[in-house]
Amino acid sequence: MRLHAMSREDGSLQCSFREELSWQPTASVECMAVHASDTATHIALACNGSELGVWDLQKQQRSYHAKGNKPNRIGLVDKPWNTCAAFLPGSDGQKVVVGTAYHKLRLYDVKSRRPALDIEFGEAKVTALAAQTNGMQVWAANGMGKIGCLDLRMNKLQGSLKGPGGAVKSLALHPELPIIASVGLDRFLTIHNVDSKALLSKLYLKQQLTAVAWGSTQHQAEAREADAPDTVNHVVSDGLKSHVLSDDAIEDDGLKRARPSSSKRAGSPKKGRSQKKKVKRHVQN
């Protein structure tokens with residue numbers, strides 16, 4: 001693996017990359033999780049053929065290497081195959097949640113090399129993890145489209161989300177709102193409410209998706225306020241976008257919706273009566 005640093009000169013749009021650190025992992029890397037703080041930066045590697053390893057970038061060495069779970073009653077141990085990893089917020093990089101190809105979720109604490117929690121999740125390999133900011137709930141997804149929540153306070157799964165029709169490849173929790181986004185091989189972007197578990201939006205994106213992330217909307221809000229200072233806070237949701245409408249636009253829209261159509265207005269002649277009158281006049285003549 002190689003770590004590169006990006007630099008850009010003032011007033012220039014071109015970026016340059018230089019190699020800062022490189023090392024050779026002991027196995028094939030499936031996923032990587034990063035935890036950055038003021039004192040240290042750690043990287044957790046989920047590998048196929050090796051247990052969880054945490055690397056300290058400042059010291060440029062491995063600071064933690066986990067052991068697998070204990071053998072079962074007949075003495076068999078699963079081959080190490082970790083597919084995803086995520087640091088728990090608020091643990092200062094001391095706790096890591098790992099998903100395996102054997103449909104298991106494991107919680108590691110750097111104070112012990114054995115997993116502190118080992119629980120089964122579904123019947124397919126775990127493909128994505130996302131930890132909430134409180135550090136008490138972790139959302140997990142697998143290769144059969146199942147998305148569930150692991151409550152670390154009770155050490156059990158609580159609730160699941162409906163919507164994905166195939167393998168989920170990535171999860172992303174919103175930094176401020178209680179919503180979660182997911183993408184996968186079914187080509188849909190789905191957004192759920194983490195509190196009510198309700199499906200808020202589902203968008204078809206025409207191709208198989210592998211990753212999703214939330215972008216910053218602060219600069220968009222500032223630009224909207226600068227361009228439309230006389231608008232009020234009436235927001236209408238249209239898919240995944242938001243539009244701010246003025247009072248005049250809302251009144252015009254309300255009048256258009258309240259106005260009846262021309263075919264249903266009072267006093268409009270009916271076709272049946274007019275045709276009967278024409279027939280009677282023709283007979284009299």
(request) Mind checking the CD-CH2 spacing from Glu30 to Trp81? Nearest 0.5 Å is all I need. (result) 6.5 Å
(request) Taking atom NZ of Lys156 as the centre, report whether more than 12 heavy atoms of other residues, nucleotides or ligands fall under 6.0 Å from it. (result) no
(message) Which residue in the set Leu199, Ile180, Ile179, Leu177 passes side-chain contact (heavy atoms from CB on, under 4.5 Å) when paired with Ile191?
(response) Ile179
(message) By the definition side-chain contact (heavy atoms from CB on, under 4.5 Å), identify the one residue from Asp118, Leu129, Val98 that meets it with Leu105.
(response) Leu129
(request) Using atom types as modelled and distance alone, determine if a side-chain donor or acceptor of Ser91 lies under 3.5 Å from a backbone N or O of Leu88. (result) yes
(message) For the residue pair Lys95 and Phe87, would you count it as a cation-pi contact if the rule is NZ or CZ under 6.0 angstrom from the ring centre and within 45 degrees of the ring axis?
(response) no
(request) Consider only side-chain heavy atoms of I, L, V, M, F, W and Y, link residues closer than 4.5 Å, and tell whether Val168 and Leu185 are in one cluster. (result) no
(request) Grab the two heavy atoms, one from Gly145 and one from Pro164, that are nearest each other, plus how far apart they are. (result) O-CB, 3.8 Å
(message) Please give me the minimum heavy-atom distance between Lys125 and Thr83, naming the atom from each residue.
(response) CD-CG2, 4.2 Å
(request) If the plane angle is over 60° it's perpendicular, under 30° parallel, otherwise tilted; pick one for His174 and Trp214. (result) perpendicular
(request) Calculate, to the nearest 0.5 Å, the distance between atoms OH and CG belonging to Tyr64 and Leu52 respectively. (result) 6.5 Å
(message) Could you report the tightest heavy-atom contact between Val212 and Ser170, atom names first, then the distance?
(response) N-OG, 3.2 Å
(request) Decide, yes or no, whether a salt bridge links Asp56 with Arg62 under the criterion of side-chain N to carboxylate O below 4.0 Å. (result) no
(request) For Asn82 and Ala46, indicate whether the former's side chain and the latter's backbone hold a donor-acceptor pair under 3.5 Å. (result) no
(request) Apply side chain to side chain contact (heavy atoms under 4.5 Å, CB included) to the pair Lys79 and Asn48, showing each step before the final yes or no. (result) CA-CA 9 Å; Lys79 175 188 174 182; Asn48 181 6; 4.2 Å; yes
(request) Determine whether Val138 and Leu152 make a side-chain contact, defined as any pair of heavy atoms from C-beta on separated by less than 4.5 Å. (result) yes
(message) Assess, by modelled atom type and distance only, whether the side chains of Trp139 and Gln132 contain a donor and an acceptor separated by less than 3.5 Å.
(response) yes
(message) Using 0.5 Å steps for rounding, measure from the CD atom of Gln207 to the CZ atom of Arg187.
(response) 8.5 Å
(message) Nearest 0.5 angstrom please: Thr127 OG1 to Met144 CE, how far?
(response) 12.0 Å
(request) Report yes or no: does Thr41 contribute a side-chain atom to a donor-acceptor pair with the main-chain N or O of Ala36 at less than 3.5 Å? (result) no
(message) Do Val183 and Phe188 make a side-chain contact, defined as non-hydrogen atoms from C-beta onward lying under 4.5 Å apart?
(response) no
(request) Indicate the atoms forming the closest heavy-atom contact of Pro115 with Arg106, along with that distance. (result) CB-CB, 4.2 Å
(request) Is it possible for you to say whether Tyr108 and Leu117 belong to one hydrophobic cluster, with membership spreading through side-chain heavy-atom contacts below 4.5 Å? (result) no
(request) Spell out, yes or no, whether Trp55 and Val29 are grouped together once hydrophobic residues are joined by side-chain heavy atoms under 4.5 Å, including indirect joins. (result) yes
(request) Determine whether more than 12 heavy atoms belonging to other residues, nucleotides or ligands lie under 6.0 Å from atom NZ of Lys202. (result) yes
(message) Please tell me whether Val194 and Leu171 are part of a single hydrophobic cluster in this structure, the criterion being side-chain heavy atoms less than 4.5 Å apart.
(response) yes
(message) Donor-acceptor pair, distance only, cut-off 3.5 Å: does the side chain of His192 make one with the backbone of Lys162?
(response) yes
(message) Quick one, Ile43 and Leu57 - any side-chain contact, counting heavy atoms below 4.5 Å?
(response) yes
(message) Are Leu157 and Tyr102 connected into the same hydrophobic cluster when the rule is that any two of I, L, V, M, F, W, Y join if their side-chain heavy atoms are below 4.5 Å apart?
(response) no
(request) Rounded to the nearest 0.5 Å, what's the gap from NZ on Lys206 to CG on Leu203? Could you check? (result) 10.0 Å
(message) Please find the pair of heavy atoms, one from Cys84 and one from Val126, that lie closest to each other, and give the distance.
(response) SG-CG1, 3.6 Å
(request) Could you walk me through whether Asp151 and Arg153 pass the salt bridge (charged side-chain N to carboxylate O under 4.0 Å, His left out) test, one step at a time? (result) CA-CA 6 Å; Asp151 193 338; Arg153 294 170 295 186; 3.3 Å; yes
(message) Using every non-hydrogen atom in the two residues, find where Ala85 and Ala33 come nearest and quote the distance to one decimal.
(response) O-CB, 3.6 Å
(message) Do Arg113 and His65 make a side-chain contact, defined as non-hydrogen atoms from C-beta onward lying under 4.5 Å apart?
(response) yes
(message) As an exercise, state the distance from CG of Asn193 to OG of Ser201, rounded to the nearest 0.5 Å.
(response) 13.0 Å
